[in-house]
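What follows is a set of notes on a single structure, which appears directly below.
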Amino acid sequence: MCGITGWVSFDRDLRAEAATLDAMTETMACRGPDDRGVWAEGPAGLGHRRLAIIDLPGGRQPMTAATPHGTVALVYSGEAYNFTELRGELAARGHRFTTDSDTEVVLRGYLEWGDAVAERLNGMYAFAVWDGRTDRLLLIRDRMGIKPLYYHPTSDGVLFGSEPKAVLANALARPRVGLDGLRELFTMVKTPGHAVWEDMREVEPGTVVTVDRTGVRRRVYWELRTRPHEDDRATTISTVRSLLDDIVRRQLVADVPRCTLLSGGLDSSAMTALAARQLGAHGERVRSFAVDFAGQADRFVADELRATPDTPFVHDVARACGTDHRDIVLDPDALADPAVREKVIRARDLPAGLGDMDASLYLLFKAIREHSTVALSGESADEVFGGYRQFFDEEARTADTFPWLVSFGRHFGDDTEVLRPELVKALDLETYVADGYRSAAARVERLDGESDLEFRMRRISHLHLTRFVRILLDRKDRASMAVGLEVRVPFCDHRLVEYVYNAPWALKSFDGREKSLLREATADLIPRSVYDRVKSPYPSTQDPRYAVALRRQAEDLLARPDHPVFDLVGPERLRRAARDDTPVSGQAARRGLERTLDLATWLELYAPEVALG
């Protein structure tokens with residue numbers, strides 16, 4: 001896992017721009033603390049920061065291959081889980097390898113197959129290839145969008161990087177955010193290709209972006225397609241289990257300490273149990289980590305979202321699977337610490353406004369990194385198998401909008417309540433969301449003869465797998481890579497995604513519950529308590545001291561009326577939120593405080609030009 005960046009300028013020789021390339025590369029230091037490298041030749045410059053996972057002595061980047069017609073150079077971030085098979089195939093075709101790294105396999109694969117190498121990879125990846133034979137740059141991203149990649153066209157080429165900060169380190173990129181960027185910040189719709197920063201784009205999942213002297217072109221090499229599902233229930237459950245066994249086996253490969261993220265829910269418990277069984281067969285014991293909040297188990301209050309605390313279920317799984325387990329217990333002072341908020345916003349380049357849920361994820365990963373370098377996560381199982389409440393909520397299922405927005409509005413309120421009324425009017429978020437929904441829904445293909453219910457559920461699944469999951473994957477990538485931790489997501493394997501997506505809803509919910517297929521496919525591995533547990537979302541602190549700290553920080557901010565955040569936030573609206581002493585998780589007032597403090601921190605750190613006209 002690494003951070004990549006680069007610059008192509010067809011009108012100059014970038015060997016003279018070493019200082020700028022170095023600056024762009026150094027913004028990725030957290031993503032790659034183990035090594036760095038910069039390469040430049042003619043119009044192309046590439047930068048790399050390395051987190052060594054496989055072949056620790058080898059695999060240095062940028063990696064190059066000399067050909068009779070020019071140099072081919074690669075910077076690569078991620079993991080190709082099938083690199084051993086591809087290496088064998090390439091060796092049989094005459095390629096010779098000097099390292100044991102998957103990076104060299106990708107480079108040799110490109111030399112053999114061109115940009116079609118992407119279609120042969122199983123994994124999470126974002127990489128750039130400068131092909132000196134044709135003077136063109138290729139930017140390639142994995143199918144599900146697990147690894148991020150951004151680009152910024154210029155007058156004579158392009159800038160790119162794993163994160164916007166790498167691009168913004170070049171003076172050619174203007175740190176500007178307009179109304180559409182703010183719309184992305186205040187809605188959870190994840191418009192494909194949108195990067196919030198003006199003139200910057202995100203390479204879309206399953207896409208190759210080619211840049212040459214004629215301009216920028218895109219080619220989609222993978223997308224979620226509708227296909228008939230012919231397997232019966234027993235065969236489907238068996239196939240899911242077989243796929244999971246293979247996926248976890250591949251994703252446990254590493255030359256550094258590994259662990260699992262364990263929440264006590266079905267997803268992470270099944271994944272941990274599979275890992276424990278596979279490592280146990282080789283005499284190894286899997287490590288597991290869970291996040292908890294000081295006093296939460298004793299003071300837990302059930303609500304509509306969370307019926308039970310995580311910790312008892314986490315410990316059930318740890319005992320049943322024999323993991324080397326550790327709880328990471330966080331207190332409200334750490335969650336509300338402005339220094340932690342700064343770290344989170346630096347990691348994401350944007351004010352996400354998720355407050356303690358972002359802070360706790362960052363602190364969890366920071367603690368894990370002291371013990372492990374690779375972690376397996378249960379992320380995306382809810383999107384794949386149909387685990388969220390909105391899959392079963394009739395109002396959300398039939399609403400003419402993204403279904404998660406119905407659930408979020410009901411449970412969390414409207415965090416735009418703190419914004420200035422004139423800004424709310426200019427943003428017109430209702431229209432923005434409606435337009436985004438129509439565009440997303442139009443991409444869903446219907447099977448011949450598919451019932452209205454089955455098509456409606458297919459559409460909901462598609463929306464979650466092509467929009468909502470990308471929000472969560474980006475969040476997890478940024479928080480983990482900010483501390484140099486590689487998080488792998490077995491449930492995002494495209495083979496599993498394609499197979500389960502096309503299973504009819506009647507199969508996915510055959511017992512009337514969420515994630516029926518996953519539950520039955522791993523029933524022999526997980527404790528009965530987890531088998532019977534109702535879905536519970538990522539935890540949030542219920543400690544009233546956290547809300548008190550937010551209100552205190554908001555009052556401090558209100559004492560600075562010239563702060564640029566008040567170009568966006570109405571002081572009186574913020575004051576009302578700061579005086580709301582209801583510390584219940586999910587209250588709109590608390591969300592408004594978190595959103596405002598994130599915005600204020602972002603404006604201080606990045607000093608963006610925010611264009612409201």
Side-chain angles (χ1 to χ4, degrees), residues 146 240-241 243-245 247-249 251-252 258-280 285-293 296 305-329 357 360-361 364-365 367-368 371-372 374-388 469 472-473 475-477 479-480 485-493 496 500 513-540:
I146 305 167
V240 167
R241 175 58 177 270
L243 282 168
L244 288 173
D245 282 334
I247 292 164
V248 172
R249 175 182 60 80
Q251 298 198 19
L252 283 171
R258 299 148 297 182
C259 69
T260 67
L261 307 178
L262 180 58
S263 71
L266 176 60
D267 317 337
S268 66
S269 300
M271 181 265 303
T272 296
L274 285 163
R277 173 172 290 192
Q278 294 190 14
L279 291 180
R285 189 180 179 195
V286 70
R287 295 176 177 180
S288 60
F289 293 87
V291 67
D292 196 8
F293 305 109
Q296 182 104 320
L305 276 182
R306 301 174 180 88
T308 52
D310 287 345
T311 301
F313 299 92
V314 166
H315 293 171
D316 283 352
V317 175
R319 282 191 297 268
C321 297
T323 73
D324 178 7
H325 181 73
R326 187 169 307 200
D327 291 325
I328 306 301
V329 182
M357 290 188 287
S360 66
L361 193 67
L364 169 66
F365 290 157
I368 290 173
H371 308 277
S372 294
V374 169
L376 270 65
S377 165
E379 194 80 88
S380 83
D382 286 309
E383 289 81 5
V384 174
F385 289 98
Y388 293 116
V469 77
L472 301 184
L473 290 173
R475 171 177 175 258
K476 189 173 293 287
D477 174 87
S480 60
L485 177 71
E486 174 176 301
V487 175
R488 299 177 177 180
V489 278
F491 292 109
C492 273
D493 186 291
L496 180 70
V500 178
R513 298 187 60 188
E514 76 282 358
K515 294 180 284 197
S516 307
L517 291 175
L518 177 59
R519 183 178 293 101
E520 291 307 312
T522 57
D524 61 314
L525 299 174
I526 57 177
R528 187 71 198 189
S529 59
V530 173
Y531 181 94
D532 291 333
R533 190 186 186 195
V534 174
K535 159 73 181 173
S536 184
Y538 183 84
S540 180

Counterpart residues, side-chain contact (heavy atoms from CB on, under 4.5 Å), relative to [X] (two or more places apart):
{"X": "A275", "result": "V248, L252, T260, V286"}
{"X": "A479", "result": "L361, F365"}
{"X": "D292", "result": "Q296, T311, V329"}
{"X": "S372", "result": "P257, C259, R287, F289, I368"}

Pairs satisfying salt bridge (Lys or Arg N to Asp or Glu O under 4.0 Å), at least one member in residues 265-276, at least two apart: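 Residue pairs with at least one partner in residues 265-276: D267-K515.
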With the side chain counted from C-beta on, respond yes when [X] and [Y] share a heavy-atom pair under 4.5 Å apart, and no when they do not.
{"X": "L518", "Y": "L244", "result": "yes"}
{"X": "V487", "Y": "E379", "result": "no"}
{"X": "D310", "Y": "V291", "result": "no"}

According to salt bridge (Lys or Arg N to Asp or Glu O under 4.0 Å), who are the partners of [X], at least two apart in sequence or on a separate chain?
{"X": "D245", "answer": "R241"}
{"X": "R277", "answer": "D524"}
{"X": "R249", "answer": "D246"}
{"X": "E514", "answer": "R519"}

[atom1]-[atom2] distance between [X] and [Y], expressed to the nearest 0.5 angstrom:
{"X": "L262", "Y": "H315", "atom1": "CG", "atom2": "NE2", "value": "8.5 Å"}
{"X": "L261", "Y": "K476", "atom1": "CG", "atom2": "NZ", "value": "5.5 Å"}
{"X": "Y531", "Y": "E520", "atom1": "OH", "atom2": "CD", "value": "3.5 Å"}
{"X": "M271", "Y": "I247", "atom1": "CE", "atom2": "CD1", "value": "12.0 Å"}
{"X": "S269", "Y": "L525", "atom1": "OG", "atom2": "CG", "value": "10.5 Å"}
{"X": "L472", "Y": "D477", "atom1": "CG", "atom2": "CG", "value": "12.5 Å"}

Is it true that atom CZ of R513 has more than 12 heavy atoms of other residues, nucleotides or ligands lying nearer than 6.0 Å?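 For R513, atom CZ is crowded (more than 12 foreign heavy atoms under 6.0 Å).
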Which atom pair, heavy atoms only, marks the closest approach of [X] to [Y]?
{"X": "K535", "Y": "G387", "answer": "CG-O, 3.5 Å"}
{"X": "S536", "Y": "T308", "answer": "OG-O, 4.0 Å"}
{"X": "Y538", "Y": "S360", "answer": "OH-OG, 2.8 Å"}
{"X": "G264", "Y": "F313", "answer": "O-CB, 3.5 Å"}
{"X": "R306", "Y": "P539", "answer": "NE-CA, 3.8 Å"}
{"X": "P490", "Y": "L496", "answer": "O-CD2, 4.5 Å"}

Do D493 and R488 sit within salt-bridge range, that is, some charged N less than 4.0 Å from a carboxylate O?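 Salt bridge between D493 and R488, a charged N being under 4.0 Å from a carboxylate O: no.
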Side chain to side chain donor-acceptor pair (under 3.5 Å) partners for [X], two or more places apart:
{"X": "R319", "value": "D316"}
{"X": "S268", "value": "S263"}
{"X": "T323", "value": "S288"}

